[in-house]
Amino acid sequence: MNVTHLECALCGLRHEANTLQNLCVTCGKPLLVRYDLEKAAEKFERAWHKEWHDGRKTLGDYFLNREASLWRYRDVLPVEGPENIVTFGEGWTPLIKADRLAATLPIKLDLYIKDEGQNPTQSFKARGMTAAISMAKELGVTKLAVPSAGNAAGALAAYAALAGMEANIFMPADTPRANIVECQQTGANVTLIDGLITDCGKIVAERKDEMGWFDVSTLKEPYRVEGKKTMGYELAEQLSRRAIATGGEANRESWLPFHLPDVIIYPTGGGTGLIGMWKAFEEMNRMQWLPPKFPRMVSVQSETCAPIVRAFEKGERFADEFENASTVASGLRVPKCIGDFLILDAIRASGGTAITVTDAELTVAVAEIGALTGIFTAPEGAACLPALRKLIDQNLVHENESVVIFNTGSGIKYLEAFGE
Ligand SMILES: *Cc1c(COP(=O)(O)O)cnc(C)c1O
Ligand SMILES: [Zn+2]
């Protein structure tokens with residue numbers, strides 16, 4: 001509705017929005033959706049000024065009557081016709097204050113967990129897929145294909161079944177069993193590959209033209225990142241609501257509605273969520289919803305698959321493929337990703353960092369977080385806890401700061417990781 005065009009994230013070339021697109025036609029990099037943000041903000045601003053002068057406390061009220069799903073942010077999402085939205089009610093996941101967990105840390109922090117395990121198909125991949133499959137429907141696609149490390153496959157299978165489309169899924173043979181079974185049980189064509197997600201991606205690329213598949217590999221079509229960016233909008237809205245509920249006044253001095261945490265810790269595979277949140281912050285800032293200070297973005301990877309951390313440490317903008325990648329946190333087993341420069345640019349622009357944890361550390365952290373919060377996290381999400389401890393040790397997170405860690409999925413999909 002407010003989309004103006006697609007723009008190459010590297011060379012800036014403009015592409016048409018109302019037709020199927022994968023990568024930039026000149027440089028082969030990801031395309032991002034651009035909106036008429038002034039138009040999107042207009043409705044919002046009218047409500048804001050009215051509410052403010054009526055003595056109500058926040059712009060958050062504007063959203064009160066909107067659905068409890070990520071489609072509450074439809075003004076900044078791509079779908080034109082509401083009838084094309086393919087949804088299970090994903091998003092608007094709880095932001096849980098983890099006080100007992102915070103009490104185990106050496107400094108006092110406001111610690112939150114954004115629990116993405118509560119999404120349909122038990123991971124935040126649902127956010128990306130609701131946007132991508134809705135747009136595929138709007139643009140007349142009937143056959144989809146995806147390479148996946150696990151959760152993207154489960155989400156694609158479900159959304160394709162809901163939309164009545166064909167899902168062709170390529171996964172490593174050692175993907176967690178739950179991911180394989182859920183795809184088979186929701187009508188997808190599943191092919192297991194002796195290799196990594198990058199090998200699966202090559203097969204999709206080779207066969208898609210002949211088979212008539214639309215490739216929904218992350219960041220190789222423009223819309224999964226749009227779905228995932230809503231994590232950034234939600235975080236801002238939820239923190240603002242919380243501040244009001246506890247008697248604070250969100251950014252009253254500056255008259256800005258929403259605010260953000262000091263630090264975001266994000267387990268990074270293809271980086272879609274981190275790139276998306278950064279895009280959301282830039283959009284909100286352009287709409288003047290936010291103060292110009294953004295959170296420090298921290299990318300967490302497993303020591304045995306850490307292409308982004310390695311590139312960050314070397315000061316490089318593009319990341320080399322990580323050889324012999326392996327980790328039980330299957331969502332982090334991405335040895336090479338097309339959005340590497342967008343992840344690295346965002347981390348650096350935010351003043352954040354990228355760090356590794358070991359598989360042993362992240363596996364132990366699942367039980368630790370579980371016992372102190374009741375959330376059975378995915379190993380990927382649990383990786384944020386040892387990462388946070390390291391940040392505190394290195395004096396990169398300070399007393400009284402607010403920190404949000406992303407639990408990107410549910411531990412229930414990874415039973416093999418926990419032994420007998
Ligand atoms: C896919 C996935 C990730 C990595 O997400 P990106 O946004 O692609 O970096 C992390 N955790 C889980 C559980 C995942 O499924
Ligand atoms: Zn380009």
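Counting convention: from 1, in listed order, for ligands and their atoms alike.
The only member of F281, Y73, W92 that meets ring pair (Phe, Tyr, Trp, His ring centres under 6.0 Å) when paired with Y233 is Y73. For the side chain to side chain donor-acceptor pair (under 3.5 Å) criterion with E116, the lone passing option out of T377, T93, T408 is T93.
For atom 6 (P) of ligand 1, the nearest protein heavy atom (residue, atom name, distance) is G271 N, 3.4 Å. Protein heavy atom in closest approach to atom 8 (O) of ligand 1: G270 N, 3.1 Å. With respect to atom 7 (O) of ligand 1, the closest heavy atom belonging to the protein is Y266 OH, 2.5 Å. Protein heavy atom at the shortest distance from atom 5 (O) of ligand 1 is F124 CZ, 3.2 Å.
Qualifying ring pair (Phe, Tyr, Trp, His ring centres under 6.0 Å) partners for F214, counting only residues two or more places apart in sequence or in other chains: none. Qualifying side-chain hydrogen bond (donor to acceptor under 3.5 Å, both in side chains) partners for N84, counting only residues two or more places apart in sequence or in other chains: E138. When the salt bridge (charged side-chain N to carboxylate O under 4.0 Å, His left out) test is applied to E226, the partners found at least two apart in sequence or on another chain are K229, K279.
Classification of the F318-F341 ring pair by plane angle, with boundaries at 30° and 60°, yields tilted.
Dense packing is recorded around CD of E316, with more than 12 heavy atoms of other residues, nucleotides or ligands lying under 6.0 Å away. Residue R317 places its CZ atom among more than 12 non-hydrogen atoms of other residues, nucleotides or ligands, all under 6.0 Å distant. Counting non-hydrogen atoms of other residues, nucleotides and ligands closer than 6.0 Å to CG of D194 gives a total of 12 or fewer. Counted within 6.0 Å of CG on D393, heavy atoms from surrounding residues, nucleotides or ligands total more than 12; the atom is thus considered enclosed.
Looking only at atom types and distance, the side chain of Q238 has no donor-acceptor partner in the side chain of Y112 under 3.5 Å away.
Within ligand 1, the atoms closer than 4.0 Å to a non-hydrogen atom of G273 are 7 (O), numbered from 1 in the order shown. Within ligand 1, counting atoms from 1 as listed, the ones closer than 4.0 Å to a heavy atom of P267 are 4 (C), 10 (C). Atom numbering of ligand 1 starts at 1 in the shown order; those under 4.0 Å from a heavy atom of N151 are 13 (C), 14 (C), 15 (O). Residue G269 has at least one heavy-atom neighbour below 4.0 Å for each of these atoms of ligand 1: 4 (C), 6 (P), 9 (O). The Y414 neighbourhood of ligand 1 comprises atoms 13 (C), with distances under 4.0 Å to a heavy atom of that residue.
Atom CG of L219 and atom CD1 of I275 lie 5.0 Å apart (nearest 0.5 Å).
For ligand 1, none of its N or O atoms has an N or O atom of T268 under 3.5 Å away.
Within the protein, the number of N, O or S atoms lying under 2.8 Å from the Zn ion (ligand 2) is 4.
Nearest-heavy-atom check against atom 14 (C) of ligand 1 across K413, E380, Q122, K125 picks out K125. Considering T218, T408, T272, L332 only, the shortest heavy-atom separation from atom 12 (C) of ligand 1 involves T408.
No part of F406 comes within 4.0 Å of ligand 1, judged by heavy-atom distances.
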